[in-house]
Amino acid sequence: MTNREIAAALEEVADLLEFQGANPFRVRAYRNGAQKVKDAPKSLLTIVGDSGAEALTAIDGVGKDLAEKIAELATSGTLAMLDELRAEVPASVMALMRVPGMGPKKAATLHKELGVQSLDQLRAACEAGEVQKLKGFGKKTEETILAGIEHAAKAGERVRWADADAIVQRLLAHMDGVEAIKRREPAGSYRRGKETVGDLDLLVDVGATMDAKTVATVMDRFGEFEGVAEVIARGDTKMSIRLDSGLQIDLRCVPSESFGAALQYFTGSKEHNVEVRGRAKARGLKVSEWGVFNTADDTRIAGDTEEEVYAAIGLPCFPPELRENRQEFAAAEAGELPRLIELSDLRGDLHMHTSATDGRGTLREMVAAARQRGLEYIAITDHSKRVTMAHGLDADRLRAQWKEIDLVNEELQAEGAEFVVLKGIECDILEAGPMDLPDDVLAEADWVIASLHYGQNQPRAKIMERLLGAVAHPSVSIVAHPTGRLIGKRASYDVEVNELIAACVEHGKLLELNANPMRLDLDDVNCAAAKAAGVPIVISSDAHSTEGLDVLRYGVLQARRAGLEQWDVFNTRRFNFWEADKASGLFPRASVAWRNKPVTEKIAYFLARHRAALTKGDNKAAAFCKQDIGYSIGWLVEQSFKKDKVTWPNVWIDGGWYTNLTIGKDRWTAEGWLVAVQGQEKWRLAPFVGQFQLSETTVSPYKIDIGLRPSAFEKHDEWSIPYTRDASRDEALRKALADRENWPTHFAG
DNA sequence: GCCGTTTTCGGCCCGACTGTTTTCAGTCG
Ligand SMILES: Nc1nc2c(ncn2[C@H]2C[C@H](O)[C@@H](COP(=O)(O)OP(=O)(O)OP(=O)(O)O)O2)c(=O)[nH]1
Ligand SMILES: [Mg+2]
Ligand SMILES: [Mg+2]
Ligand SMILES: [Zn+2]
């Protein structure tokens, strides 16, 4: 069984147990287990096969019992316990709980007292007036149930984020202008950037006090939103509506002083909140949407901002995309919370179509649109001939397109534009296995995308054979939309993503995060797995029109949920890196074998290439190599400061060789307090003291050296100290470093 | 069912809204 199927089975167990009135915490354990299975980056079947069921208990929240049940599901595809539960409670009875407001207790009562077996029988019972006679039920309840049966079919339906976004923007516009609204923020799964949302959640700051009249103006306006079918509930602080489409929108009003705490609460996820609140409790604190309170004397200690709330319990303010109770708490504790990628980090788009196949924009229109959007390079990747519906390209038409691209590049160059168009192709992996175009054509391309569009119903073995064959093909750069899923429409074909990732590791290939809001493929969990394995991700629009380029932001959201940082994504790189990769014989640089090398080895490699290039008189290649040495050193410096607990590793003195360390403002943000500055001949590290200008380059009296061994470092004991960051020491160091007159002659740490 | 530098037993997040309740249970966020 796949992880997804295992999770669904555990979910069902939880529902059935809940219906039977089992211990709620036991029910939670199953739900929690299901969530963990969904979030697991590896196939659990593989884990069980390799290491046995025991190994599953390494997953937080999975103990001996759940491990055995998961193993049973994974290997046999069935679970004895689930079969028994199903025999006791028919599926049609479970369907009763899909009626809004109907939980396990009410459903069980109806089943027991009235013998209701299905939604149809429930409707009949309501219409016969039998429901209102039950204890705990009344006329109103009966009416609500009857009306709710209509919604049962749509229960659990989710809306794609991009579609939700359109509604959110309209809702915000609708609410704007209400005087009582001081601040407002869409929260919930929408704010977390989840690929689909179950409902919309809007938080409103209504000012210093929760005056009933003020709140009423907000709620009245909310109730007048276009397409409101029904007001589900309306109280003193919150209100819920349902639109004609069935989509629910929740509104929550809070006073200003609680806005931060409320935003923390309303952003969720539920599981994240439970963890936060549990941790607070262990510290003698209580967290709710109203604020953070001391349990002992009920004094309020935080609530204005989210930062404050998290800080009160010793946690960093997590980016909303990470608040899923996956790895974020462990990462925070290890000081390894990622600095997430942003849309502005993307410099290129490496998957798009033109009117030569099924795109609507011409080559030149796509180029203009990409430039207008601030991109620095694109790859044109039209379909290959197998995609007859799109009038896919054969070798001749492809080569003709490449001639045109050459022309465009020449024009760009003449214009002085720093923009490059790459000659690419989205080549189908044929049903039988081979690539759709001959090897000699593919070898000429700058960028080859392999896609599996046909034969998606083949068995796993065949699918994997095709995918792995493509990855092993020497000209293929990347696999596009690797699972083939269409959100809410079509499940992925039968692919074992871990094997695909492993093959990419072996062959130095890349994987796509297709940013089309219907695809988002690879998804967050798989992207995280790729990152863990060291496989770079390419976020691509797969645009079929100029406007199609704008979907990149959805891809970035998904990437952020995966915890990807700027350099985990291949197309955040400047195009000159690309050239540098070719110059240094390392294309694509981001290949795993290369990435896994210690930085010192990389520098040694570039040094050798640099010398060789000089000997050959190839100044351009030499310059690239020189630049790479600079970047590598910069990377080392940056890594050292990214983590709170890390001390500078292996920086030691050794004269003799200097290079251009170029750390531009746009490449390294000066968030830390140390920046490296380009010198004429030598290097210096300078403290970043706010007013410090990067343009202020000076010849440094300092030498910086990269050491391979800590032992080489020890001889500098007299001036180096291990340094662990904390606020007070940082401040002291900052002061010392600001006093330029008295700088030491060497830096290291 | 899971979990453990205050626990191997006894906890497991906390609050709002509804309906029917004479004091709170059920459901939901
Ligand atoms: N503390 C706490 N907060 C909750 C609970 N349930 C929901 N919340 C908070 C966190 C959620 O993100 C937020 C909105 O609730 P929703 O039911 O709309 O969930 P969410 O938006 O996360 O996902 P969705 O896509 O709507 O299913 O309310 C809960 O049981 N406890
Ligand atoms: Mg929601
Ligand atoms: Mg909601
Ligand atoms: Zn495409």
Side-chain angles (χ1 to χ4, degrees), chain A residues 10 13-14 17-19 21-36 56-70 81 96-110 131-145 148 155 187-189 197-203 210 215 219 231-240 242 248-254 258 261-293 295 298 309 313 325:
Chain A
L10 293 179
V13 170
L17 286 173
E18 190 177 39
F19 180 84
N23 177 345
F25 299 105
R26 187 168 167 234
V27 174
R28 179 195 288 183
Y30 278 94
R31 292 235 161 85
N32 192 36
Q35 192 60 51
K36 296 290 177 187
L56 295 174
T57 56
I59 302 171
D60 207 34
V62 176
K64 205 167 170 303
D65 191 89
L66 273 176
E68 275 166 18
K69 294 200 164 82
I70 291 170
M81 174 206 197
L96 298 181
M97 284 199 282
R98 287 211 285 270
V99 176
M102 179 92 72
K105 295 278 160 44
K106 282 185 184 162
T109 305
L110 288 167
V131 171
Q132 57 176 298
K133 292 185 204 145
L134 291 173
K135 192 166 172 245
F137 291 70
K139 203 164 159 43
K140 276 242 171 90
T141 310
E142 191 177 78
E143 281 166 15
T144 316
I145 290 174
S189 50
V197 303
D199 70 352
L200 295 178
D201 305 283
L202 179 67
L203 178 66
M210 284 285 283
V215 173
M219 292 190 172
V231 174
I232 299 167
R234 175 167 168 163
D236 299 336
T237 70
K238 65 190 219 181
M239 173 169 171
S240 292
R242 193 184 333 271
Q248 182 175 331
I249 310 181
D250 297 327
L251 170 74
R252 183 71 202 254
C253 298
V254 293
S258 294
L263 187 55
Q264 194 287 321
Y265 148 72
F266 216 24
T267 298
S269 66
K270 176 186 172 184
E271 292 73 21
H272 177 91
N273 287 355
V274 168
E275 179 68 25
V276 164
R277 292 172 179 206
R279 282 167 181 252
K281 195 170 185 170
R283 290 171 172 241
L285 301 172
K286 183 186 71 172
V287 175
S288 76
E289 62 266 43
W290 298 101
V292 183
F293 303 86
T295 319
D298 215 33
V309 170
I313 41 182
N325 196 17

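Below, chain A is the first sequence line, B the second, and so on; all start at residue 1.
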Atom [atom1] of [X] to atom [atom2] of [N]: distance rounded to whole Å?
X	N	atom1	atom2	result
A:I70	B:dC2	CD1	C1'	12 Å
A:M219	B:dC17	CE	C1'	11 Å
A:L200	B:dG29	CG	P	13 Å
A:I232	B:dC28	CD1	C1'	11 Å
A:L96	B:dT27	CG	P	12 Å
A:L10	B:dC2	CG	P	11 Å
A:M97	B:dT27	CE	P	9 Å
A:R234	B:dG29	CZ	C1'	18 Å

Which listed nucleotide ([options]) is nearest to the side chain of [X]?
X	options	value
A:K281	B:dC17, B:dC13, B:dG15	B:dC13
A:A233	B:dC14, B:dC3, B:dT18	B:dT18
A:F25	B:dG26, B:dA16, B:dC12	B:dC12
A:K69	B:dC3, B:dG1, B:dG15	B:dG1
A:Y30	B:dG15, B:dC3, B:dG1	B:dG1
A:K105	B:dC17, B:dG15, B:dG26	B:dG26
A:Q248	B:dG29, B:dT18, B:dC2	B:dG29
A:K270	B:dC3, B:dC13, B:dC17	B:dC13
A:K140	B:dT20, B:dC12, B:dT27	B:dT20

Using a 4.0 Å heavy-atom cut-off across all strands, classify [X] as base, sugar-phosphate, or nothing.
X	result
A:D65	sugar-phosphate
A:G136	sugar-phosphate
A:F266	sugar-phosphate
A:V276	nothing
A:P104	sugar-phosphate
A:R28	base
A:K139	sugar-phosphate
A:V27	nothing

Next on the checklist: Testing the basics here: between A:K286 and A:T295, what is the closest heavy-atom pair and its distance to 0.1 Å?
Outcome noted: N-OG1, 4.0 Å

Item to check | More than 12 heavy atoms of other groups within 6.0 Å of A:N23 CG | outcome: yes

Distance between the [atom1] atoms of [N] and [M], in whole angstroms?
N	M	atom1	value
B:dC14	B:dC9	P	25 Å
B:dT8	B:dG4	P	13 Å
B:dG10	B:dC17	C1'	31 Å
B:dC13	B:dC28	C1'	14 Å
B:dG26	B:dT22	P	15 Å
B:dG11	B:dT6	C1'	14 Å
B:dT27	B:dT21	C1'	16 Å

Next on the checklist: I'd like to know if A:Y265 reaches the base of B:dG29 with its side chain such that a donor and an acceptor end up less than 3.5 angstrom apart.
Outcome noted: yes

Item to check | Distance-only donor-acceptor test (3.5 Å): side chain A:N23, base B:dG1 | outcome: yes

Checklist entry - Quick one: are A:M210 and A:D236 in side-chain contact, heavy atoms under 4.5 Å? => result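 No, too far: nothing below the 4.5 Å cut-off.
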
Checklist entry - Does the pair A:Q35 and A:R31 meet the rule for a side-chain contact (heavy atoms from CB on, under 4.5 Å), with working shown? => result CA-CA 6 Å; A:Q35 192 60 51; A:R31 292 235 161 85; over 6 Å; no

Checklist entry - Under 3.5 Å, side chain of A:Q248 to main-chain N/O of A:D199, donor-acceptor pair present? => result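 It does not hold such a pair.
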
Checklist entry - Is there a Watson-Crick or G-U wobble partner for B:dG19 with both distances under 3.5 Å, and if so, which one is it? => result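 Base-paired to B:dC24.
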
Below 4.0 angstrom from OP1 or OP2 of [N], is there any side-chain N or O of [X]?
X	N	answer
A:R277	B:dC13	no
A:S240	B:dC17	no
A:K135	B:dT21	no

